[in-house]
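Here is the structure we will look at.
Basis for what follows: all heavy atoms, side chains included, without hydrogens, waters or symmetry-related copies. So you know, we letter chains A, B, ... as the sequences are listed, proteins then strands, and number each from 1.
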Amino acid sequence: MSVLVLAEHEAGQLKASTLNTVTAAKALDADVHVLVAGSGIAAVAQAAAAVEGVAKVLTADAAQFEHHLAEPLAALLVELAKGYAAVLAPATSTGKNVLPRVAALLDVAQISDITAVVSADTFVRPIYAGNALATVQSKDALKVITVRTTAFEAAAASGGSAPVEAVVVPADPAVSSFVSQQLSKSERPELTSARIIISGGRGMQSGENFHLLEKVADKLGAAVGASRAAVDAGFVPNDLQVGQTGKIVAPELYIAVGISGAIQHLAGMKDSKVIVAINKDEEAPIFQVADYGLVADLFKALPELAAELDK
Amino acid sequence: MKVLVAVKRVIDYNVKIRVKADNTGVETANVKFSMNPFDEIAVEEAVRLKEAGKATEIVVVSIGPATAQETLRTALAMGADRGVLVQTDEEIQPLAVAKLLKAVVDKEQPGLVILGKQAIDDDSNQTGQMLAALLGWSQGTFASKVAIGDGSIEVTREVDGGLETVSLKMPAIVTTDLRLNEPRYASLPNIMKAKKKPIDTMAPADLGVDVAPRLVTLKVEEPAKRKAGIKVGDIAALVDKLKNEAKVI
């Protein structure tokens with residue numbers, strides 16, 4: 001049997017989350033097919049065909065897929081899914097939006113946010129903000145799965161040469177339409193794929209003070225993140241949020257500044273390889289997960305850190 | 001327009017979760033429960049729509065044990081008009097929840113259903129999307145702004161790269177994200193009034209829904225604990241450790 005991965009792409013580029021999802025799909029011990037749905041997607045399809053371990057690429061090129069709306073994408077996936085043992089997507093805002101709709105239309109459960117594949121029907125997934133790990137077995141013949149990308153290595157982006165095949169595009173349910181988008185513009189790397197992240201919390205005191213973090217970020221080539229407290233306080237937009245209800249990250253280095261370490265924040269970053277905490281409260285729970293802790297006033301420590309990195 | 005809101009009773013977000021020694025689940029005895037935080041946002045949004053004259057009636061639905069009545073009462077105290085409790089002690093997974101909600105929607109015929117984007121116990125993030133699928137309705141998930149128009153609704157969504165606005169044909173499903181609103185605290189008079197508001201109780205079988213779980217939980221374990229590391233004295237020492245010990249910069 002084969003399994004189908006829904007590719008994530010943007011502006012003609014295959015996104016890294018697709019590569020992690022391909023690795024999870026391979027662990028199911030089946031041929032991996034990748035579906036690229038969108039409008040004007042030839043380059044993305046070529047990129048998907050080159051991914052190591054991909055046996056076939058399916059393309060659905062139509063205007064209704066341009067903005068990855070859940071309704072037309074789900075209608076397409078439901079048609080295609082019938083020939084597969086599993087349908088997988090990265091647990092990104094698109095995957096989380098579309099896949100449960102597919103599962104319900106197929107009358108199967110969805111297994112959300114898997115972090116390990118035990119066997120073709122058994123998976124590990126975090127619950128309670130990662131404070132517990134559940135091993136679940138699916139009784140459905142067809143599995144619908146979203147994948148926590150940080151839990152799987154990226155498949156090699158080159159080395160494959162899969163055939164590309166266009167599929168029949170079903171009618172657009174036409175119950176929703178795209179109006180506009182406001183994407184955060186940043187020269188810095190994306191949070192979910194950055195090698196280094198520096199995040200600020202309530203201790204930053206204001207949005208303006210985030211420039212202290214940005215200065216350090218630019219010296220390290222790092223992405224900037226934030227805790228839910230900082231987002232709730234209106235310092236920064238929600239797409240910077242790291243945590244249970246924001247983005248799940250696992251960079252090589254995570255620097256938490258002025259973040260106390262609420263359970264829900266730890267849920268989003270505790271799989272980082274090295275964690276640094278800078279906080280003036282030495283009792284802050286963040287120090288319990290930090291490899292290196294510095295008890296200091298961040299308004300003094302951040303300029304010092306920027307200066308030290310220049311040396 | 002009638003608005004339906006779904007609410008779930010979950011372990012309070014402040015409670016430290018403990019995994020049971022026999023690895024069958026997490027400890028729920030003597031633990032504080034409250035309304036799932038995203039569902040509070042859903043109730044609040046419905047109440048605001050009613051206050052703005054866009055909604056005429058708010059029906060709040062919960063699926064769970066008899067104690068889920070308390071969660072419904074909380075929603076009624078916030079401003080919902082009446083409650084529906086689909087009472088069961090069985091584990092009800094998202095697909096079954098969506099099927100039960102569909103049965104309630106078929107009876108109630110709301111123009112809009114608002115749900116939390118995910119429950120903070122199983123973190124599934126599925127029910128709203130599944131309900132939309134079963135009803136054949138449009139969906140606006142992870143909403144940070146909702147604007148009701150004439151026969152359609154504009155939903156601004158929190159997406160990975162920022163915000164996206166979509167227009168949905170009504171009836172529609174909306175799931176809430178954090179920044180949609182800040183839920184109110186119920187006032188004492190409203191809590192008293194809520195005690196008199198009606199709650200209709202039924203069983204899953206009354207709705208003709210098969211709620212058998214599709215996923216079997218084989219075990220629940222504690223994640224590997226991170227060891228606390230060391231404290232460094234100053235920035236110079238920190239940068240030295242990162243360069244020469246951890247070798248990450």
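With a 4.5 Å cut-off on non-hydrogen atoms, A/Gln241 touches chain B through its side chain but not through its backbone. With a 4.5 angstrom heavy-atom cutoff, A/Leu309 touches chain B only via side-chain atoms. Heavy-atom distances place no part of A/Thr192 under 4.5 Å from chain B, backbone and side chain included. At a 4.5 Å heavy-atom cutoff, the contact between A/Ala290 and chain B is made by backbone atoms alone. For chain B, no part of A/Val124 is nearby; none of its heavy atoms comes within less than 4.5 Å. Only the side chain of B/Ile11 has a heavy atom closer than 4.5 Å to any heavy atom of chain A. For chain A, the nearby parts of B/Pro223 are the backbone and the side chain; heavy atoms of each come within less than 4.5 Å. For a residue to count as touching a neighbouring chain, one of its non-hydrogen atoms must lie under 4.5 Å from one of that chain's; by this rule A/Leu220 touches chain B with the side chain only. Residue contact with chain B, scored on non-hydrogen atoms closer than 4.5 Å, is absent for A/Ala296.
Side-chain contact between B/Ile120 and A/Tyr128: absent, with no pair of heavy atoms (C-beta onward) separated by less than 4.5 Å. No side-chain heavy atom of B/Gln129 sits less than 4.5 Å from a side-chain heavy atom of A/Gln110.
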### Task
Before giving the answer on side chain to side chain contact (heavy atoms under 4.5 Å, CB included), spell out for A/Ile196 and B/Val248 the whole-Å C-alpha distance, their side-chain angles and the decisive distance to 0.1 Å.
CA-CA 9 Å; A/Ile196 301 177; B/Val248 284; 5.9 Å; no
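B/Asp106 is linked by a salt bridge (Lys or Arg N to Asp or Glu O under 4.0 Å) to B/Lys102, counting only residues two or more places apart in sequence or in another chain. With sequence neighbours excluded, no residue forms a side chain to side chain contact (heavy atoms under 4.5 Å, CB included) with A/Gln13.
Checked for salt-bridge contact, B/Lys99 and A/Asp107 meet the test: a charged N lies under 4.0 Å from a carboxylate O.
Taking both residues in full, the closest heavy atoms of A/Lys273 and B/Arg226 are given as O-NH2, 3.1 Å, listed atom of the first, atom of the second, then distance.
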